[in-house]
Amino acid sequence: MSSPKPPGSQVRARADDLRRQIDHHNYRYYVLDDPEISDAQYDRLMQSLRAIEAENPQLVTPDSPTQRIGVHPVGHLAEVVHLLPMLSLDNAFTEEDVIAFDRRVRERLETSEEIEYAAEPKLDGLAVSFLYESGHLVQAATRGDGMRGEDVTHSVRTIKAVPITLRPGAPARLEVRGEVFMPVQGFKDMNARALARGEKVFVNPRNAAAGSIRQLDPRLAASRPLDVFFYGIGQSEGWTPPARHSELLEQLRAFGLKVSPLVQRVRGVQGALAYYREVAALRAGLAYEIDGVVYKVDRCAQQRELGFVARAPRWAVAHKFPAHEENTVVRAVEFQVGRTGALTPVARLEPVFVGGVTVSNATLHNMDEVRRKDVRIGDTVVIRRAGDVIPEVVKVIIERRPSTAREVVLPARCPVCGSDVEREEGEVVARCSGGLYCAAQRKEALRHFAGRRALDIDGLGSKIIDQLVDKPLIEGAPVRSPADLFRLTAQQLASLDRMGEKSAANLVAALERSKSTTLARFLYALGIRDVGEATAAALANHFGSLEALQQATVEDIQEVPDVGPVVAAHVHTFLQQAHNRAVIEALRAQGVHWPVQAPRRHLGGEGPLAGRSFVLTGTLTSMSRDQAGARIVALGGKVSGSVSKKTSYVVAGAEPGSKLQKARELGVEVLDEAGFLALLDQ
DNA sequence: GATCCTCGAGTTCT
DNA sequence: CTCGAGGATC
């Protein structure tokens, strides 16, 4: 630590003084949005400091404003455990939802008085947790799953609105939460530059912000126009937090942390809804994207009384703006052929940017739907992203229908194999009659067979299957059935596109691994009509062995719970057909096997969870949903996909879906992860 | 015969 | 996630 020539104390004092000045002007500029000096003056201060530090490297402190950009890229993003979990928020989509939220709050607090809420815009960025110790930024981490995120300190330090040092008076330890985002203009400029250099562009500001934050090289992150608003705290020590959320935000501002200027305290549900309308009107003019507003019960004592449910506080709700809808033109309607031969009409759209992504396809489900919505080729339609994900044609704008618009016609022959298309009496779906003669059905059958929930053949994706079916690899012995897959050699596979020697060897190994399976998975993998995972498991349990099932009559099969005449007939017919028997034989000859088990005809009634049914929604932190399901079943419980009055519990993880809503409507008990784990432990 | 409960199948984009 | 339809129940 000894240096040849220690800098004089005046120099040290000058450097400290410059840092204080720069920090102060950063605060004026970024937090208060009210600079005292010109940009040029500010630059001169920075220049002076850099000059001193360059001559006296010993004086460089890690929190100096010159040190925002670390020199070295990090190798990877380390995992960080949040001191206090980062919660998600419940969503409200309608005014009724908000009114219901307000009613629940008042009921729980047993008050008829109007609740005071702190209201703020909901930024469309990514949530980051910042840890300040003795006023210095020591760590920044992404939200991740709420419990643990990724260490992004190196890139967060480059965001100028994030103070490296807090102003005096800050607590000894403060975990503070904020939303990092990219302003729209900055996003456009950045994309324009990237485009000019022939680099890849980001589809929306949100992705751009996330991508920039997760950059390993801080110099790259520094070139990105990121900004931040702070909105709350996690753990803190060495101070008494204020009694109201709105006061907390004032405090954060005083510490030098930038808070949205649109934050407001409102009274009651009417105040909240008025705020929503106000912000909605401002939305288009804002420099950044928002997707709604958030209401938080302002009094912290009330927040504590309300507590949490399923990783989300009971005292806050995100009131979302309506899903974005956009107009576009239907260029064509094509028919896809599924595993069962089902012909599904898909609208090919003029690409349109909806809710953050470019949409160019939308399913029309079936011909009834096409007629109901009266979609024609050439029509202008309204597109929405249902549940924020899957694009949906909302309606046709009839006034814009051109005279050249053409009706959608169900083809008489399969577009893939030319076989007749049939539509059974009373059924909505039309099907290709080609069976496995149809290349589309063969491909889909193979995809299903290799799927994660079937034989789980890692590395056998769509692209590979397309090639295997379309261009025969093996002279005279193309891949027609699942059994043919196991004959493929690494050498043959390596000749495919997007397949090197390494991937080919991996795939052969995956095929080998997949041979060891269970009867339930095997039955499911066969792709018998109407036999999904649940039915396959029920059949496997009931019969115990494939031989027993093969010898069963239709009546025997109907003995299985939840299997009626239709499904029993499908199973029976499938197993009797010569080509199916041949495929099954070939698979077993290739070494596909499963443990034999005794038939268990009377399930349920055993185990501590017997007779209770569970529905899982959202993401759990301690295990996957599949693992949770397995544990429930192991304890004698039942897992179902949909909520009904008969459901015993809905287990809600982070960011739960509509099932949580449904559970509330039906008054079904909701467990959060902790409650669920406690139940399992009992 | 009506109604409710489940399961199966198909689907978009990053 | 959503829709359609098979199965169970009353």
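Chain letters run A, B, ... following the sequence lines, proteins first, then strands; residues in each count from 1.
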Side-chain N or O of Thr344(A) closer than 4.0 Å to phosphate OP1/OP2 of dT11(B):
yes
dT12(B), OP1 or OP2 - any side-chain N/O from Ser360(A) closer than 4.0 Å?
no
note: Arg348(A), atom CZ; dT11(B), atom P; distance rounded to Å ~ 10 Å
Does Asn361(A) put a side-chain nitrogen or oxygen below 4.0 Å from OP1 or OP2 of dC13(B)?
yes
Determine: side-chain N/O of Ser640(A) to OP1/OP2 of dC7(B), distance under 4.0 Å, yes or no.
yes
Over all strands shown, is Val346(A) touching base, sugar-phosphate only, or nothing at heavy-atom distances under 4.0 angstrom?
sugar-phosphate
Return the set of residues passing ring-ring contact (aromatic ring centres under 6.0 Å, His included) with Phe574(A) (not counting sequence neighbours), or none when no residue passes.
none
Determine the contact category for Glu533(A): base if any of its heavy atoms lies under 4.0 Å from a base atom, sugar-phosphate if only primed atoms, P, OP1 or OP2 are that close, otherwise nothing.
sugar-phosphate
So, is Gln336(A) near the phosphate of dT11(B), with a side-chain N or O under 4.0 Å from OP1 or OP2?
yes
Touch check for Arg372(A), heavy atoms < 4.0 angstrom, all strands: base, sugar-phosphate only, or nothing?
sugar-phosphate
His319(A) ring center near Phe101(A) ring center (under 6.0 Å):
no
In whole Å, what is the span from the CZ atom of Arg447(A) to the P atom of dG8(B)?
21 Å
Go through dC7(B), dA9(B), dT6(B) for me and flag the one nearest to the Asp530(A) side chain.
dA9(B)
Quick one: list whatever passes ring-ring contact (aromatic ring centres under 6.0 Å, His included) with Phe614(A), sequence neighbours left out.
Tyr649(A)
For His570(A), the ring-ring contact (aromatic ring centres under 6.0 Å, His included) test, sequence neighbours excluded, returns none
Whole-Å gap separating C1' (dG6(C)) and NE2 (His570(A)):
10 Å
Looking at dG10(B), I'd like to know if its phosphate oxygens (OP1 or OP2) sit under 4.0 Å from a side-chain N or O belonging to Thr340(A).
yes
How many Å lie between NE2 on His448(A) and P on dG10(B), as a whole number?
10 Å
If every non-hydrogen atom of Met190(A) is compared with every non-hydrogen atom of Pro225(A), which pair is closest and at what distance?
SD-CD, 4.0 Å
With a cut-off of less than 4.0 Å, is there a side-chain N or O of Arg529(A) near OP1 or OP2 of dG8(B)?
no
Whole-Å gap separating P (dT2(C)) and NZ (Lys373(A)):
12 Å
From the set dG4(C), dC13(B), dC5(B), return the single nucleotide nearest to any side-chain atom of Val359(A).
dC13(B)
Is Thr363(A) near enough to dT12(B) that one of its side-chain N or O atoms lies under 4.0 angstrom from OP1 or OP2?
no
Any non-hydrogen side-chain atom of Leu519(A) less than 4.5 Å from a side-chain atom of Leu546(A)?
yes
Rounded to the nearest Å, what distance is computed from the CZ atom of residue Arg431(A) to the C1' atom of nucleotide dG8(B)?
11 Å
Distances for protein N or O near nucleotides 8-10 of chain C N or O, under 3.5 Å:
{"unit_1": "dA8(C)", "atom_1": "OP1", "unit_2": "Asp562(A)", "atom_2": "N", "d": "3.1"}

Quick one: which of dG4(C), dG6(C), dG10(B) gets closest to the side chain of Arg339(A)?
dG10(B)
Rounded to whole angstroms, how far apart are CZ on Arg453(A) and C1' on dC7(B)?
13 Å
Residue pairs passing the side chain to side chain donor-acceptor pair (under 3.5 Å) test where at least one lies in residues 412-421 of chain A, sequence neighbours excluded:
Arg413(A)-Asp420(A)
Identify, with sequence neighbours excluded, every residue that meets ring-ring contact (aromatic ring centres under 6.0 Å, His included) alongside Phe676(A).
none
Testing dC5(B), dG8(B), dG4(C) for proximity to the side chain of Lys645(A), the answer is dC5(B)
When rounded to whole Å, the CD to C1' distance for the pair Glu369(A) and dG4(C) reads 11 Å
